[in-house]
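Step one of this worksheet: look at the structure below.
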Amino acid sequence: MTDFTPEAAPETQRRSIRSFVLRQGHMTAAQQRAIDTLWPSYGLDYRAETADLNAVFGRSRPKILEIGFGMGTATVEIAKRLPEKDFLAIDVHGPGVGNLLKLIGEEGTDNIRVMRHDAVEVVETMLADASLDGIHIFFPDPWHKKRHHKRRLIQPPFVAKLLPKLKPGGYIHLATDWEDYAVQMLDVLNGFPELANTAAGYAPTPDYRPETKFEARGKRLGHGVWDLVFEKKA
């Protein structure tokens with residue numbers, strides 16, 4: 001059986017902003033089986049045209065975009081905690097896509113749709129303005145070496161692409177376990193006058209975001225975690 005590849009952004013694609021680093025990984029039989037059986041129901045293929053998210057989900061509910069869901073465990077838990085909302089989850093890592101679909105099947109979670117594509121291109125071409133009620137970006141690659149900081153996702157050009165997609169009153173929720181990236185995130189979001197911080201600095205972790213096993217391990221080792229929640233002004 002071949003590895004899952006539909007709609008993955010090509011490794012040679014040149015972009016000024018990229019939401020990912022393409023990494024290969026081993027696809028388990030269970031992950032591949034989930035893709036084979038559940039993609040028709042819960043997967044969304046990339047199309048270079050605006051998507052009607054209400055039509056995609058078959059209902060009119062608040063829509064949340066998640067960029068970079070890893071193995072999908074937190075995504076499913078959040079969707080269970082917020083059943084009144086729909087989640088469009090985007091990542092390029094094949095095993096993670098398979099694992100999220102597997103979890104959706106196991107949990108019976110029907111308010112998630114999954115994409116395997118460059119999130120930047122999805123934002124640019126598939127999402128209508130004012131179509132999102134929230135955006136989640138949790139623990140993006142910190143590119144911890146200083147010379148690589150320019151590769152970080154949370155920078156003004158990308159946030160400028162996201163903001164038109166948010167409805168007035170919609171929110172952006174970021175989280176990182178790298179303090180210098182948290183400082184950068186805070187600086188970037190504070191630079192947009194159309195955004196208002198919901199806290200005096202970093203925000204308390206909202207109840208809907210579960211603690212990941214890596215986050216818990218980091219806290220035991222004395223590492224910090226920083227959440228940022230900003231709202232788009234009406």
*asked:* Could you tell me if the side chain of Arg81 sits less than 4.5 Å from the side chain of Ile78, heavy atoms only?
replied: no

*Does a side-chain heavy-atom distance below 4.5 Å link Val120 with Lys161?*
yes

*Between Phe138 and Met71, is there a shared hydrophobic cluster once you connect ILVMFWY residues whose side-chain heavy atoms come closer than 4.5 Å?*
no

*Shortest non-hydrogen contact between Met185 and Pro140, atoms and distance*: CE-CG, 3.7 Å

*asked:* List the residues meeting side-chain contact (heavy atoms from CB on, under 4.5 Å) with Thr28, not counting sequence neighbours, and say none if there are none.
replied: His26, Ala30, Gln31

*State which residues pass ring pair (Phe, Tyr, Trp, His ring centres under 6.0 Å) with His144; sequence neighbours excluded, sorted by chain then number.*
Trp178

_To check you understand the geometry: which heavy-atom pair defines the closest contact between Ala234 and Pro168, and what is its length?_
CA-CB, 3.7 Å

*How would you list all residue pairs meeting ring-ring contact (aromatic ring centres under 6.0 Å, His included) that involve residues 50-90, not counting sequence neighbours?*
none

_For Lys150, I'd like to know if atom NZ has over 12 heavy atoms of other residues, nucleotides or ligands within 6.0 Å._
yes

*Are any side-chain N or O atoms of Arg47 and backbone N or O atoms of Leu44, one a donor and one an acceptor, separated by less than 3.5 Å?*
no

_Holding to ring pair (Phe, Tyr, Trp, His ring centres under 6.0 Å), I want the full list of residues that pass it with Tyr171, two or more places apart in sequence or in another chain._
His136

*Return each pair, listed once, that meets salt bridge (charged side-chain N to carboxylate O under 4.0 Å, His left out) where at least one residue sits in residues 222-231; pairs must be two or more places apart or across chains.*
Arg209-Asp227

*CG on Leu132 to CG on Leu166, rounded to 0.5 Å*: 6.0 Å

*asked:* If we ignore hydrogens and angles and just use 3.5 Å, is the side chain of Lys232 paired with the main-chain N or O of Leu163 as donor and acceptor?
replied: yes

*asked:* Rounded at 0.5 Å granularity, tell me how far CZ in Arg151 sits from NZ in Lys145.
replied: 10.0 Å

_Given Leu153, Ile154, Val159, the one that forms side chain to side chain contact (heavy atoms under 4.5 Å, CB included) with Leu174_ = Ile154

*So, for Thr50 and Ala128, which heavy atoms are closest and what is the spacing to 0.1 Å?*
CG2-CB, 3.7 Å

*Distance (rounded to the nearest 0.5 Å) between Leu88 CG and Leu65 CG*: 5.5 Å

_When you compare the side chain of Tyr42 with that of Ile112, does any pair of heavy atoms fall below 4.5 Å?_
no

*For the side chain to side chain contact (heavy atoms under 4.5 Å, CB included) test, which of Asp45, Val122, Asp91 pairs with Met115?*
Val122

*Which residues satisfy the side-chain contact (heavy atoms from CB on, under 4.5 Å) test with Ser41, sequence neighbours excluded?*
none

_If you apply the rule side chain to side chain contact (heavy atoms under 4.5 Å, CB included), what do you find for Arg116 with Ile90, and how did you get there?_
CA-CA 6 Å; Arg116 189 186 185 199; Ile90 306 176; over 6 Å; no

*Enumerate the residue pairs fulfilling side chain to side chain donor-acceptor pair (under 3.5 Å) with a member in residues 183-204, sequence neighbours excluded, ordered by first and then second residue.*
Arg152-Gln184

*Which residue pairs pass the side chain to side chain donor-acceptor pair (under 3.5 Å) test when at least one of the two sits in residues 58-72, sequence neighbours left out?*
Asn54-Lys63, Arg59-Asp86, Lys63-Asp86, Glu66-Thr75

_Testing the 3.5 Å rule here: is there a donor-acceptor pair between the side chains of His149 and Tyr181?_
no

_Test item: Val97 and Trp39 side chains (from C-beta on) under 4.5 Å apart, heavy atoms_ = yes

_Taking every non-hydrogen atom, the tightest pair across Ala203 and Ala199_ = CA-CB, 3.8 Å

*Return the set of residues passing side-chain contact (heavy atoms from CB on, under 4.5 Å) with Arg220 (not counting sequence neighbours), or none when no residue passes.*
Ala216, Arg217

*State, yes or no, whether a side-chain contact exists between Val123 and Leu162 at a heavy-atom distance under 4.5 Å.*
yes

_Tell me whether the count of non-hydrogen atoms from other residues, nucleotides or ligands lying under 6.0 Å of CG in Asp207 goes above 12._
no

_Testing the basics here: between Gly98 and Ala34, what is the closest heavy-atom pair and its distance to 0.1 Å?_
O-CB, 3.6 Å

Atom pairs and distances, side-chain donor-acceptor, residues 100-107, under 3.5 Å, sequence neighbours left out:
from	atom 1	to	atom 2	distance (Å)
Lys102	NZ	Glu106	OE2	2.9
Glu107	OE1	Lys80	NZ	3.1

*For Phe139, what residues pass the ring pair (Phe, Tyr, Trp, His ring centres under 6.0 Å) criterion, not counting sequence neighbours?*
none

_I'd like to know if the side chain of Ser131 and the backbone of Leu127 have a donor-acceptor N/O pair within less than 3.5 Å._
no

*Closest heavy-atom pair and its distance - Pro206, Val229*: CG-CG2, 4.1 Å

*Take His173 and Tyr208, measure what side chain to side chain contact (heavy atoms under 4.5 Å, CB included) needs, and give me the verdict at the end.*
CA-CA 11 Å; His173 179 186; Tyr208 60 75; 2.8 Å; yes

_Distance, nearest 0.5 Å, that separates CD of Glu77 from OG1 of Thr212_ = 12.5 Å

*asked:* When you compare the side chain of Asp177 with that of Lys219, does any pair of heavy atoms fall below 4.5 Å?
replied: no

*Just grab all the salt bridge (charged side-chain N to carboxylate O under 4.0 Å, His left out) pairs involving residues 125-138, residues at least two apart or on different chains.*
Asp129-Lys165, Asp133-Lys167

